[in-house]
Amino acid sequence: MATRLYVSRDAAAQALGADETVMALQAVAKARGVEISITRVGSRGMVWLEPLVEVEHQGQRIAYGPVTADQVPALVDAGLFDAKPHALRHGRVEDIPYFAKQERLTFARVGITDPVSVDDYIAHGGYVGLARALGMTGAAVVQEVTDSGLRGRGGAAFPTGIKWKTVLEQQSDQKYVVCNADEGDSGTFSDRMLMEGDPLTLVEGMTIAGTAVGATQGYIYLRAEYPHAGHALREAIANARARGYLGRDVCGSGKAFDLEVRMGAGAYVCGEETSLLESLEGKRAEVRFRPPLPAIKGLFGKPTVINNVISLASLPVIFQKGATFYKDYGMGRSRGTLPIQLAGNLKRGGLVEKAFGVTLRELLYDFGGGSASGRPIRAVQVGGPLGAYIPEAHFDTPLDYEAFTAIGALVGHGGIVAFDDTVDMAKMARYAMEFCAIESCGKCTPCRIGSTRGIEVIDRIIAGKDREANTELLKDLCDTMLNGSLCGLGGMTPFPVTSALKHFPADFSTKH
Ligand SMILES: Cc1cc2nc3c(=O)[nH]c(=O)nc-3n(C[C@H](O)[C@H](O)[C@H](O)COP(=O)(O)O)c2cc1C
Ligand code: SF4
């Protein structure tokens, strides 16, 4: 019998040489006359171990990593195919501490199944949730989502059930479900990993949403820089359609729902939901005035559910195991789990799915292993380029929407970027203004003009020119941007700026 191996086809693994490792494994096996079969899977999220090679041995998957192509011959000689000991052997994946300490609900199948195989998906619990949802009324489905406590994972943490209820209640000849897969935040990659590693979970989640609220068409607005995810999604959609999970009569329910992938236009603001809708309609991505909300007048003026990838991909497990099961994870009003992304100056970057409540310190040190440089971690930015900079004094804050608001920060999409003590926080504050100036859609003055003036004021502060007066001016400008901007781009740029000023004032002095 052929020895079964699993190697990730995730973009990060490929960037680290996974394809070359696969070719080397095939070549060495052929040369030694050993029969092997390699399944390309999603990544387990332990990026520092990629390319990770898993060998099936006595019903278990034994991990070796990082396995580069040049190491393959020696590893095979040492008994890789029989899961023999080696310096790169880590035992069962589930026993690796980084993995063992996680609570994988949304990412339960990622790294285990063939991403585009409907059979493999079903064999691992897929489509149980949809079958249950199809047996319920739209109102009952919406209630279940509300009961689960799910809040939008795209950044704003708005209760998903409330959004769906609004769409359900609209009378319209056409409704849509749009998945926000623009994933523009720095240090984030959970959407990408999910779409590459288990796209059928997103397909199932969108089908639950569509059939519940009465939408017959769904669009995945995919970041243009994610070609691997695009391939995986298109293949998964075609396979689901061929098996009757998409189309005019989803699973014989009499309900229609189908899906298309659309490539994004490449600006950060395309991720803001109303400019995303403009872009989907073929126009320039410019933010719309609200009201009306997209739930009432969204894509092409029709009621539209617009949710982030992870919000939608959390639905299958909620319907498979029930709202109470999901709600039992988490703390306060932050229910369920969050796929957290560890990035920046950390020893062990990667994806950690945990229930809300885990502290930053646990994430940075227990999972992340501290800084890669070996120097003290001085600041972390959570929630993308518009997230606040958090100092060490707040590292014991639990990951919880309300706890983060209380310290002037945000959880956002769960991306954590770590900086060691060599970081210059004045430069980081300046960068936030610069980012806003470059990415502004230009529709409103506080953001369009304010960000450019913001760069100038910070430059004057750094140069020591009239520092006190300019610091006051900067605070005033931030206040105007916060309260006067039309969307979160201009409205949240003050977070990194004022947090840097507040927690790291010394960096804004010339003596620094
Ligand atoms: C400037 C800006 C960029 C955004 N980028 C994204 C993004 O890349 N992905 C995303 O899901 N949400 C993004 N959002 C949030 C969306 O506007 C919206 O809240 C989200 O798609 C709603 O889905 P959810 O309720 O499932 O989170 C962004 C918001 C702003 C203001
Ligand atoms: S805040 Fe910036 S990105 Fe948002 S609408 Fe105004 S100009 Fe456009």
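In what follows, residues are counted from 1 in the order of the sequence shown. Counting starts at 1 for both ligands and their atoms, in listed order.
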Protein residue, atom and distance nearest to [atom], heavy-atom basis:
atom: atom 27 (O) of ligand 1; value: Gly154 N, 2.7 Å
atom: atom 4 (Fe) of ligand 2; value: Cys487 SG, 2.4 Å
atom: atom 9 (N) of ligand 1; value: Asn180 OD1, 3.3 Å
atom: atom 6 (C) of ligand 1; value: Gly271 O, 3.2 Å

Ion pair check, [X] and [Y], cut-off under 4.0 Å:
X: Arg40; Y: Asp114; result: no
X: Arg333; Y: Glu402; result: yes
X: Arg223; Y: Glu183; result: no
X: Asp10; Y: Arg192; result: yes
X: Glu362; Y: Lys101; result: no

(request) Please state whether the separation between atom 8 (Fe) of ligand 2 and some N/O/S atom of Cys441 is under 2.8 Å? (result) yes
Looking at [X], which atoms of ligand 2 are within less than 4.0 Å of one of its heavy atoms?
X: Gly490; value: 1 (S)
X: Gly442; value: 7 (S), 8 (Fe)
X: Leu489; value: 3 (S)
X: Val269; value: 3 (S)
X: Cys447; value: 1 (S), 2 (Fe), 6 (Fe), 7 (S)
X: Lys443; value: 7 (S), 8 (Fe)
X: Ser485; value: 1 (S)
X: Ser440; value: 2 (Fe), 7 (S)

If you measure every N or O of [X] against every N or O of ligand 1, does any of those distances drop under 3.5 Å?
X: Tyr268; value: no
X: Phe158; value: no
X: Ser311; value: yes
X: Glu273; value: yes

At a 4.0 Å threshold, what atoms of ligand 1 neighbour a non-hydrogen atom of [X]?
X: Gly488; answer: 31 (C)
X: Asp182; answer: 8 (O)
X: Gly184; answer: 8 (O)
X: Ile306; answer: 22 (C), 23 (O)
X: Arg153; answer: 26 (O), 27 (O)

(request) Could you confirm whether Cys444 has any N/O/S atom lying under 2.8 Å from atom 4 (Fe) of ligand 2? (result) no
(message) Counting only heavy atoms, tell me which of Val287, Val269, Val178, Asn308 gets closest to atom 23 (O) of ligand 1.
(response)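 Minimum heavy-atom distance to atom 23 (O) of ligand 1 goes to Asn308.
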(message) Please compare Glu272, Lys163, Met492, Arg223 and report which has the shortest non-hydrogen distance to atom 22 (C) of ligand 1.
(response) Lys163
(request) Verify whether one side chain among Tyr221 and Ser279 offers a donor that lies under 3.5 Å from an acceptor in the other. (result) yes
How about [X] and [Y]: do any of their side-chain heavy atoms sit closer than 4.5 Å?
X: Lys302; Y: Lys297; result: no
X: Glu50; Y: Ser8; result: yes
X: Met481; Y: Cys436; result: yes

(message) I'd like to know if the side chain of Glu281 reaches the main chain of Phe300, judged simply by a donor and an acceptor atom lying under 3.5 Å from each other, with no hydrogens or angles considered.
(response) yes
(message) Tell me whether Asp185 contacts the main-chain N or O of Thr188 through its side chain, where contact means a donor paired with an acceptor under 3.5 Å.
(response)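 Absent.
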(request) Test Glu272 against every option in Arg290, Lys443, Arg288 by the salt bridge (charged side-chain N to carboxylate O under 4.0 Å, His left out) rule and name the one that passes. (result)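 Exactly one pass, corresponding to Arg290.
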(message) If I compare all heavy atoms of Pro494 with all of Leu482, which pair ends up nearest, and what's the gap?
(response)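 Closest pair (atom of Pro494, atom of Leu482, distance): CG-N, 3.9 Å.
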(request) Check each of Leu342, Leu346, Ile416, Ile340 against Phe367 using the side-chain contact (heavy atoms from CB on, under 4.5 Å) test, and report the only one that passes. (result) Leu342
(request) Give a yes or no on whether the ring-centroid distance for Phe504 and Phe508 is below 6.0 angstrom. (result) no
